[in-house]
Amino acid sequence: MNNRDIHAAWKYHDGTKHSPWSIRNHPHFLDWANRPLPFKIYPQIEPLPLPRNVPQTGVAALSAISESAPSSPAESLPDLHDLARILYFSAGITKQRVHPGGEIYFRAAACTGALYEIELYVVTGDLKGLDAGVYHFNPADVSLQLLRKGNFRGNLAQATAMEPALAHAPATIICTGTYWRNAWKYQARTYRHFGWDAGTLLANLLAISAASGLPAEIVLGFVDVEVNHLLDLDTRREVSLCLVPIGRTSGRTSKSSLPAPKAVPALGLETIALSPRQVEYPEMLEMHDASSLACEEEVARWRGMSPVFPSSAPAAEAVPLRQLPEHETPKDTIEQVILRRGSTRTFDPTASITLAQLSTIFDCATRGIPADFLQPPGAELNDLYLIVHSVQGLKPGAYFFRRDENTLELLKEGKFRAQACHLGLEQQLPADASVDIFFLADLTRILERYGNRGYRAVQMEAGAIGGRIYLAAYAQHLGATGLTFFDDDVIDFFSPHAKDKSAIFLLAIGKPLKRKPQQSL
Ligand SMILES: Cc1cc2nc3c(=O)[nH]c(=O)nc-3n(C[C@H](O)[C@H](O)[C@H](O)COP(=O)(O)O)c2cc1C
C-alpha cells in the first residue's frame, strides 16, 4: 500500500461514519467477560520504579498550555525526575473508581471510553538517574521496563530522516496505539480514536514539558517499520503513532553523542494477554498500512509546508474575542489542573460562561501545536465551528472561529440545544453545555498534501487542541467533555459554510451540575 493512494483514507473515513442509520442497524454489545486489560504488562521484566514525589513545576496551567513553539534554544537535559513528571502527568493514574464491570483507573488525559489504548515508550541516551536504553512506561505501578539496553537515539534519528528536534533530543517519548483495547468497545472507529486519545495525552505532555523548561514537539514523519522494530511491536496489535523529542543537547554535544544506528534483533518479549479473545478489524490495519512511510527519502519529502486553505468570505456579524485581564487569570499550576480534570458527566443547562472565559480557552488552545507537519509554526489543519447556547456576550447560534482575525463569525442565530443533542449522538451533554466546539477539516486538501498520513495528522491535531481546551476550561474551574457525533449531520448543520469539509472532533464546555446535598428524611 502506498501513502499517496488516498483512496484508503477516504474508504476508512467514509466507512466509519456514524449516522442515525448506522447506530440503529449496527448495535454493538459489550462483552464484559472479554474486557481488555488496561495495561501492557511484561511479566518477565523487573520494573524500574520511577520516583513518585518529584518537585512540582509551579507553572500556571494557562501559560504552560499556550506554548506554541518549543522554547529554550540552549541545552536542556531532562533528568529522571523530569521524565517521571512528564510520564505521570501525561498517562499516569489520577483517580480510581469502582464500576459494575470492575475497577476503572482514570488517567491524566481524557480517553474515549476510559480504555487507554495509548502506550508510552522512552528512547534515551544516558540521563542523570537513568541509563541509556529503550523503555516502556507502565502507569499501573509507575515504572519503566527496560526493553533494550544502550543508546538507540541514532536509530530514531535515522527513522525520521534526521528531523532536527529529534536528532538533538537527549530523550524521545513514543506514543503507540493498541487496537483491541479500544476496539473492544468502538470496533473499527478506533483508528480515529488513536488520533484523538494520543492528542489529548499530547496536550498534557507538551504542557508539562514546557512547564519543566524542556522543549518538546510532535514528530509524525518517520519510517514506521523502523520504529515498530525498535519497540519490538506485534504490529497486528500495536503500532507507533508519533514521536516526541524532549529537551535539547547543544550542537557540539549532539554530534559526538548521537550514536550510529544499531542492529535491533527481535526480542519476542512476553506480555500478558489483554483478553481471552481479540477481534481484528482489517479496515484499521489497512488504514495504518496505507498511511505508513516506507523509507527516509519518503519521510524527508513528506515533511514540510502545511497546505494552504482558501479563506471564506467574512460574515456580516463578527464578535472579537477578548480574554480575561491578566489580574483575573487563574494561576492554578499545570499539575493542579491535570489532577482536577475529569470529563463532565452532567452540565447545568441553566448556567452560562462568559465571553472572556471562552476567549481565554481559545487563546490558549489555538496558538498552534508544535509539530513537524505544521509549518510554519502556528499553522492548523482543523477549523473550529461553535454552537453557542449560553455564553454571556454572545447571541445563541452557530459560529465560525476566524483564527487570523481572532473573531467569532455568526453563521446563524438561534437556539440549537435540540440540534446539538442530535449532532452529539443524541446525548444530553452537548444540549446542556454552554458551548459545543466542532472540529471540521478540509480533508481533500489535507490528503492531497500529506497522503493518507494526513489522516493521522488531522485527527491527532484535533485531539491535541481538544486536550488543551479541556485543560484551559478546568484551569478556569469550568467543565468539559469530548463527544462523538453524526458525521454528515454536523456538516449539514454548518453548511453552506462547511460544505466540502469533514467532521473530525467534538468537545463541549460548560458548568458542571452541582449535585444537591441529599436531604435527610
Ligand atoms: C475524544 C473523546 C470523545 C469522547 N466522547 C464521549 C461521548 O461521546 N460521551 C461521553 O459521555 N463521554 C465521552 N468522552 C469522555 C470519556 O468517556 C472520558 O474521557 C473517559 O471516561 C475518561 O474519563 P475522564 O476524562 O474523566 O478522565 C470522550 C472523551 C474523548 C477524549
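Every number for a ligand or one of its atoms is a count from 1 in the order of the listing.
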- Can you check ring-ring contact (aromatic ring centres under 6.0 Å, His included) on Phe438 and Tyr385, steps first, answer last? CA-CA 5 Å; Phe438 293 80; Tyr385 288 74; 8.7 Å; no

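In this structure, atom 31 (C) of ligand 1 lies nearest to the protein heavy atom Ala110 CB, 3.7 Å. Looking from atom 6 (C) of ligand 1 to the surrounding protein, the closest heavy atom is Gly482 O, 3.1 Å. For atom 17 (O) of ligand 1, the nearest protein heavy atom (residue, atom name, distance) is Gly113 N, 3.8 Å. Nearest protein heavy-atom contact of atom 21 (O) of ligand 1 is Ala114 CB, 3.6 Å. Looking from atom 1 (C) of ligand 1 to the surrounding protein, the closest heavy atom is Trp196 CE3, 3.3 Å. For atom 20 (C) of ligand 1, the closest non-hydrogen atom of the protein is Cys111 O, 3.1 Å.
Classified by interplanar angle (parallel below 30°, tilted 30° to 60°, perpendicular above 60°), the ring pair Trp32/His99 is tilted.
Under the 6.0 Å distance and 45° angle rule, Lys499 does not count as a cation-pi partner of Phe494. With a 6.0 Å cutoff to the six-membered ring centre and a 45° limit on the axis angle, Arg192 does not count as a cation-pi contact of Phe485.
For Asp332, the salt bridge (charged side-chain N to carboxylate O under 4.0 Å, His left out) partners two or more places apart in sequence, or in a different chain, are Arg340. Listed by chain and number, the residues in a salt bridge (charged side-chain N to carboxylate O under 4.0 Å, His left out) with Asp82 are Arg85 (sequence neighbours excluded).
Using a 4.0 Å cut-off between charged side-chain N and carboxylate O, Arg35 and Asp31 make no salt bridge. Between Arg417 and Asp436 no salt bridge is recorded (no basic side-chain N to carboxylate O distance below 4.0 Å). Electrostatic pairing of Lys17 and Asp14 counts as a salt bridge here, judged by a charged N lying under 4.0 Å from a carboxylate O. Using a 4.0 Å cut-off between charged nitrogen and carboxylate oxygen, Arg456 and Asp224 count as a salt-bridge pair.
Annotation for ligand 1: atoms under 4.0 Å from non-hydrogen atoms of Arg341 are 24 (P), 25 (O), 27 (O). Every atom of ligand 1 with a heavy atom of Phe106 under 4.0 Å away is listed here by number and element: 21 (O), 22 (C), 23 (O), 27 (O). Less than 4.0 angstrom separates some heavy atom of Gly342 from each of these atoms of ligand 1: 26 (O). Here is the list of ligand 1 atoms found below 4.0 Å of a heavy atom in Phe505: 1 (C).
If you look at Leu429 next to ligand 1, the close heavy atoms, those under 4.0 Å, all belong to the side chain. Residue contacts with ligand 1, taken as heavy atom pairs separated by less than 4.0 Å, involve Thr481 solely via side-chain atoms from C-beta onward. Counting heavy atoms under 4.0 Å from ligand 1, residue Tyr116 touches it through the side chain alone.
Considering backbone and side-chain N/O of Ser343, one or more are found under 3.5 Å from N/O of ligand 1. Residue Gln427 has at least one N or O atom closer than 3.5 Å to an N or O atom of ligand 1. Considering backbone and side-chain N/O atoms, Thr112 never comes within less than 3.5 Å of an N/O atom of ligand 1.
Within the 4.5 Å cutoff, no side-chain heavy atoms of Asp487 are placed close to those of Thr16.
Heavy-atom distances between Leu483 and ligand 1 reach below 4.0 Å in at least one pair. At least one heavy atom of Arg345 sits less than 4.0 Å from an atom of ligand 1.
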